[in-house]
Amino acid sequence: MLSPDELILYVADTTGNLAMAFDVASDGSLSLAGTFVDDLTGPDGMAIDAEGNLFVTDRTGVRVYDPEGNLWGTIPIPDNRVPANCAFGGADARTLYITAQQALYEVSLANPGLY
């Protein structure tokens, strides 16, 4: 998942329970910037909003981090289902769609997301 300015690439490490950040050079090459967050439980899908907030699915729900890696909070998923992926959509890009074990959820958000 690329940051809005396309200068950072975020990658979920499911087995390591963390998300890594890589700097993206003008030629597209990558260099490891480090661990972005390390408090995840089985991270999988990611989405990002126009403000650079990163949405990461894990076993607890969809965790939302600001661009510095501080946790804003977690969007819980009903019925104890584990989310697998998330993506922004809708006419104004303010709807977060979340897939979770044979279900699809949608959450309206204040900030538009990036497609």
Side-chain angles (χ1 to χ4, degrees):
M1 180 60 45
L2 284 172
S3 62
D5 61 8
E6 299 184 347
L7 296 177
I8 301 171
L9 173 68
Y10 300 102
V11 176
D13 179 348
T14 304
T15 58
N17 291 318
L18 51 87
M20 303 295 295
F22 295 85
D23 290 325
V24 181
S26 59
D27 67 357
S29 63
L30 302 175
S31 59
L32 180 62
T35 299
F36 183 66
V37 293
D38 62 1
D39 62 346
L40 298 163
T41 306
D44 196 357
M46 295 180 167
I48 199 159
D49 71 14
E51 300 298 316
N53 298 304
L54 185 66
F55 294 71
V56 184
T57 62
D58 83 349
R59 287 184 180 88
T60 65
V62 180
R63 297 177 61 89
V64 185
Y65 297 90
D66 72 12
E68 288 76 42
N70 300 306
L71 180 65
W72 282 105
T74 303
I75 301 169
I77 305 302
D79 304 322
N80 295 320
R81 293 191 170 148
V82 177
N85 212 339
C86 60
F88 281 94
D92 61 0
R94 293 179 192 270
T95 302
L96 183 69
Y97 293 97
I98 305 162
T99 59
Q101 296 174 324
Q102 302 160 343
L104 174 65
Y105 301 96
E106 63 180 72
V107 178
S108 296
L109 299 171
N111 295 332
L114 301 180
Y115 292 120

Legend entry - Side chain to side chain, P43 and T57, heavy atoms closer than 4.5 Å: no
Legend entry - Within-4.5 Å side-chain heavy-atom neighbours: N111 and N53: yes
Inset, instruction - Taking the side chain as every heavy atom from C-beta outward, state whether R63 and L54 have any atom pair closer than 4.5 Å. - result: no
Legend entry - Flag, side chain of T99 to backbone of N85, donor-acceptor distance under 3.5 Å: yes
Legend entry - Close side-chain approach of L40 and Y65, heavy atoms under 4.5 Å: yes
Inset, instruction - Is it possible for you to say whether V56 and L96 belong to one hydrophobic cluster, with membership spreading through side-chain heavy-atom contacts below 4.5 Å? - result: no
Inset, instruction - Report whether V11 and V24 are members of the same hydrophobic cluster (ILVMFWY, side-chain heavy atoms less than 4.5 Å apart, transitive linking). - result: yes
Inset, instruction - Indicate yes or no: at least one non-hydrogen side-chain atom of M1 is less than 4.5 angstrom from one of L9. - result: no
Legend entry - F55 and F88 aromatic centres sub-6.0 Å: yes
Inset, instruction - Determine whether L109 and I77 fall in the same hydrophobic cluster, where Ile, Leu, Val, Met, Phe, Trp and Tyr are linked whenever their side-chain heavy atoms lie under 4.5 Å apart. - result: yes
Inset, instruction - Look at the side-chain heavy atoms of Ile, Leu, Val, Met, Phe, Trp and Tyr, link any pair under 4.5 Å apart, and say whether I75 and L71 land in one connected group. - result: no
Inset, instruction - Report yes or no: do L30 and L7 belong to one cluster of Ile/Leu/Val/Met/Phe/Trp/Tyr joined by side chain heavy-atom distances under 4.5 Å? - result: no
Inset, instruction - Report yes or no: does D49 contribute a side-chain atom to a donor-acceptor pair with the main-chain N or O of G113 at less than 3.5 Å? - result: no
Legend entry - Centroid-centroid under 6.0 Å between Y105 and Y97 rings: no
Inset, instruction - Walk me through it: do M20 and L32 pass the test side-chain contact (heavy atoms from CB on, under 4.5 Å)? - result: CA-CA 8 Å; M20 303 295 295; L32 180 62; 3.4 Å; yes
Legend entry - From CA spacing to verdict: side-chain contact (heavy atoms from CB on, under 4.5 Å), F22, S31: CA-CA 5 Å; F22 295 85; S31 59; over 6 Å; no
Legend entry - Considering all heavy atoms, the nearest D38-T35 contact: CB-CG2, 3.9 Å
Legend entry - Working for side-chain contact (heavy atoms from CB on, under 4.5 Å), residues V107 and T95: CA-CA 6 Å; V107 178; T95 302; over 6 Å; no
Inset, instruction - Check the surroundings of atom CG in D92: do more than 12 heavy atoms from other residues, nucleotides or ligands lie under 6.0 Å from it? - result: yes
